[in-house]
K.L.:
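Here it is: the structure, laid out below.
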Amino acid sequence: MAFWNKRVQKTAKERNRYDADEYLDEKVSLFNVKRVLGYLIKAQGHLKLSLVFSILSSIASLVGPLFIKRALDEAVPNKDLRLLIMMGVYLTASIIISVALSTIRNILVAKAGAGIIHDIRQDLFSHLQKLAFSFFDSRPHGKIFVRVVPYVNSVSDALSNGIINFVIEVLNIFFIIFFMYQVDPHLATVTVIGLPLLALFIWTIKPAQRRAWQAVSNKGANLNAYIQESIDGVRVTQAFDRQKKNLGIMNDLTDERNHEWMKAIYISNTVWFSTESISQLVWSFVFIMGVYWMNPMASFGMLLVMGNYAWRFWQPIINLANIYNTFITAMAYLDRIFDTIAEPVTIKDIPNATEFPFVRGHVNFENVSFSYDGVRKVLNNVSFDAHPGQSIAIVGPTGAGKTTIVNLLSRFYNIEEGQVLVDGQDIMKVTLRSLRSQMGIMLQDSFLFTGTIAENIRYGKLDATDEEIRSAAQMIGANHFIEKLPNGYDTHITERGGGISAGERQLLAFTRTLISNPRILILDEATSSIDTGTEQLVQDGIHTLMKGRTSFIIAHRLSTIRNCTRIMFIADGEITESGTHEELMALKGRYYELCLAQYKQ
């Protein structure tokens with residue numbers, strides 16, 4: 001993957017902006033061309049058949065002018081009505097056959113295109129789900145989304161219909177040249193003489209055209225990223241009355257995109273205009289030579305047929321220029337798509353990774369250090385030991401490294417220094433599935449999906465029965481508000497849990513975690529959005545769930561952490577205090593100060 005190593009890498013802060021253009025090589029990558037061929041090979045059945053039908057349709061269409069020539073040069077002068085009718089029937093048959101074969105060909109190409117779209121989108125979406133959190137942390141999500149849907153749709157026609165059309169138009173050129181030379185070699189030579197001039201022009205303008213469409217792709221992605229960010233933050237926008245300012249930014253991004261679009265269109269139209277101009281000049285010279293330079297002068301039938309063939313010869317040339325424009329545009333989008341697919345999967349199983357048959361829950365951190373940006377360490381030489389059944393509370397100021405500890409335990413990020421062991425096994429050497437399937441993780445963002453209440457809870461255990469869902473909801477106390485909803489567990493909620501309160505969303509997310517029956521439980525601010533009345537229900541559910549399981553709880557509420565087996569106070573990436581609630585209060589250190597601050601509130 002040589003092109004990957006040559007790319008100009010930007011820092012995460014630079015990439016994670018809606019107005020930051022993405023870098024791509026100016027030259028077409030051979031690596032990307034090979035990927036394109038791979039998708040075409042998968043659809044080769046439909047493509048080969050469509051090519052056969054295209055060839056037959058083209059031949060049937062090209063035979064038609066010969067019938068016209070014979071009708072004009074033989075049947076009409078000789079008043080041969082029988083021959084004239086015969087040529088008319090043959091011409092009609094050739095048109096019908098050509099249209100029928102072309103229709104079948106279009107159906108086959110459409111099926112091939114649909115298959116290519118499916119394969120590319122499946123590969124892209126599958127790869128996105130394997131990428132580490134760091135990939136999504138460093139890019140606007142709008143720029144990722146635009147690659148999965150609009151870009152894939154944009155390239156499908158170029159990869160299916162465009163490729164077939166390219167092949168058939170090239171074949172058409174050779175077929176037409178053959179038929180023209182059969183009619184008259186001199187006029188045929190005049191027709192093809194402008195081809196080298198056009199080829200030179202297209203080859204010269206190609207780099208500028210590719211750069212122009214890459215710029216369009218960049219500005220379109222920027223606009224999409226900002227629109228998605230604005231939609232996600234619409235409540236904040238309205239709360240701070242920022243609509244006018246946001247509209248101005250959107251207009252600026254739209255103007256930038258339109259400016260680059262017009263530049264690209266001007267260049268693409270230059271190719272089309274040049275092709276049309278050269279073809280019209282050549283067509284004129286065919287008639288001039290046939291009338292004034294040939295001796296004897298060409299017959300009316302020959303001039304009509306050669307004019308038809310000259311038009312047919314340059315029509316595929318014009319079509320090829322349009323296909324070229326489409327392909328250059330598609331390559332700008334394909335670069336973005338394949339750039340994402342080529343993104344290395346950093347969180348993955350090592351070769352011969354072992355399976356966890358059953359996790360008991362003995363967790364060791366041994367001299368673990370970690371940084372997100374490779375510069376500032378978030379954790380610095382952290383070590384601790386947690387035994388099965390213990391509950392470990394992690395507290396400390398914002399940015400101290402609390403969430404980083406559970407992220408490393410969950411293997412959302414690779415461990416840079418030190419080791420994290422579960423039951424004596426290095427988690428870097430076990431399969432992700434066997435590790436995470438035995439962990440219950442509730443992150444700060446209580447993300448819910450579009451669907452019913454039951455479907456969102458079942459996300460934690462896909463084969464959970466309705467009874468198991470109700471039991472888990474009852475354990476955590478979520479059943480009290482669920483049963484009051486219009487359709488109970490079958491009530492539909494919108495994206496991110498729209499329609500229910502923040503506390504109710506958190507209760508559902510907690511129930512989703514409970515139903516997975518984890519051996520290691522991770523709660524990251526699990527009770528932050530739950531009111532005081534609901535909190536006691538949650539505490540009872542937590543107490544029941546933690547029995548026999550190793551639990552890690554990140555929280556600021558004393559009611560959530562004071563009864564934990566051990567409390568670790570994290571500051572500046574280090575464990576500065578560790579012990580029970582009573583021990584740390586007696587120490588009168590930073591944990592003591594934190595508790596006093598809460599008592600005063």
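Atom set for the values below is all heavy atoms of this structure, side chains included, hydrogens, waters and symmetry mates excluded.
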K.L.:
Applying salt bridge (Lys or Arg N to Asp or Glu O under 4.0 Å), can you list everything that pairs with Arg458, at least two apart in sequence or on another chain?
P.N.:
Asp466
K.L.:
Please name all residues satisfying side-chain hydrogen bond (donor to acceptor under 3.5 Å, both in side chains) with Ser434, sequence neighbours left out, ordered by chain then number.
P.N.:
Thr431
K.L.:
Enumerate the residue pairs fulfilling side chain to side chain donor-acceptor pair (under 3.5 Å) with a member in residues 116-125, sequence neighbours excluded, ordered by first and then second residue.
P.N.:
Tyr39-Asp123, Arg121-Asn153
K.L.:
Over all heavy atoms of both residues, which pair between Pro344 and Leu131 is shortest? Give the atoms and the distance, please.
P.N.:
O-CD2, 3.7 Å
K.L.:
Tell me whether the count of non-hydrogen atoms from other residues, nucleotides or ligands lying under 6.0 Å of CG in Asp463 goes above 12.
P.N.:
yes
K.L.:
Looking at Thr452, is its backbone amide N or carbonyl O close enough to the side chain of Asn456 to form a donor-acceptor pair, meaning the two atoms are under 3.5 Å apart?
P.N.:
yes
K.L.:
Where do Phe135 and Thr346 land on the side chain to side chain contact (heavy atoms under 4.5 Å, CB included) test, with the steps shown first?
P.N.:
CA-CA 10 Å; Phe135 173 82; Thr346 56; over 6 Å; no
K.L.:
Enter the distance from Lys219:NZ to Leu223:CG here, rounded to the nearest 0.5 Å.
P.N.:
11.0 Å
K.L.:
Would you please name every residue forming a ring pair (Phe, Tyr, Trp, His ring centres under 6.0 Å) with Tyr459, sequence neighbours left out?
P.N.:
Phe449
K.L.:
Could I get the full list of ring pair (Phe, Tyr, Trp, His ring centres under 6.0 Å) partners for Phe53, not counting sequence neighbours?
P.N.:
none
K.L.:
Please check: side-chain N/O of Ser50 versus main-chain N/O of Leu47, any donor-acceptor pairing under 3.5 Å?
P.N.:
yes
K.L.:
Roughly how far, to the nearest 0.5 Å, is the CD1 atom of Ile85 from the CG atom of Leu81?
P.N.:
4.0 Å
K.L.:
With sequence neighbours left out, write down each residue that passes ring pair (Phe, Tyr, Trp, His ring centres under 6.0 Å) with Phe412, or none if nothing qualifies.
P.N.:
Phe133
K.L.:
Given Val99, which partner from the list Thr103, Ile97, Leu101 fulfils the side chain to side chain contact (heavy atoms under 4.5 Å, CB included) test?
P.N.:
Thr103
K.L.:
From Leu66 CG over to Tyr90 OH, what is the distance, rounded to the nearest 0.5 angstrom?
P.N.:
13.5 Å
K.L.:
Within this structure, what is the CG-CD1 distance for the pair Leu334 and Ile341, rounded to the nearest 0.5 Å?
P.N.:
9.0 Å
K.L.:
Who are the salt bridge (Lys or Arg N to Asp or Glu O under 4.0 Å) partners of Lys111, not counting sequence neighbours?
P.N.:
none
K.L.:
Between NE2 of His46 and CD1 of Ile107, what distance do you get to the nearest 0.5 Å?
P.N.:
10.5 Å
K.L.:
Mind checking side-chain hydrogen bond (donor to acceptor under 3.5 Å, both in side chains) for Ser94 and listing every partner two or more places apart, or none if nothing turns up?
P.N.:
none
K.L.:
Which heavy atom in Ala71 sits nearest to a heavy atom in Met87, and how many Å separate them?
P.N.:
CB-CB, 4.0 Å
K.L.:
Name all residues meeting the side-chain hydrogen bond (donor to acceptor under 3.5 Å, both in side chains) criterion together with Lys42; count only those two or more places apart in sequence or in a different chain, and write none if there are none.
P.N.:
none
K.L.:
With sequence neighbours left out, write down each residue that passes side chain to side chain contact (heavy atoms under 4.5 Å, CB included) with Arg411, or none if nothing qualifies.
P.N.:
Ile347, Asn414, Ile427, Met428, Leu432, Leu435, Arg436
K.L.:
Do Ser61 side-chain atoms and Ser57 backbone N/O form a donor-acceptor pair below 3.5 Å?
P.N.:
no
K.L.:
State, to 0.1 Å, how close Val216 and Ala264 come at their nearest heavy-atom pair, and which atoms those are.
P.N.:
CG2-CB, 3.9 Å
K.L.:
Atom CG of Asp73 and atom CD1 of Ile68: how far apart are they, to the nearest 0.5 Å?
P.N.:
11.5 Å
K.L.:
The criterion is side-chain hydrogen bond (donor to acceptor under 3.5 Å, both in side chains); which residues satisfy it with Lys348, sequence neighbours excluded?
P.N.:
none
K.L.:
Which heavy atom of Phe338 sits nearest to which heavy atom of Arg35, and what is that distance?
P.N.:
CD2-CD, 3.5 Å
K.L.:
Taking only residues two or more places apart in sequence or in another chain, which ones pass salt bridge (Lys or Arg N to Asp or Glu O under 4.0 Å) with Arg70?
P.N.:
Glu74
K.L.:
Check whether any side-chain N or O of Glu256 sits under 3.5 Å from a backbone N or O of Asn222 as a donor-acceptor pair, and report yes or no.
P.N.:
no
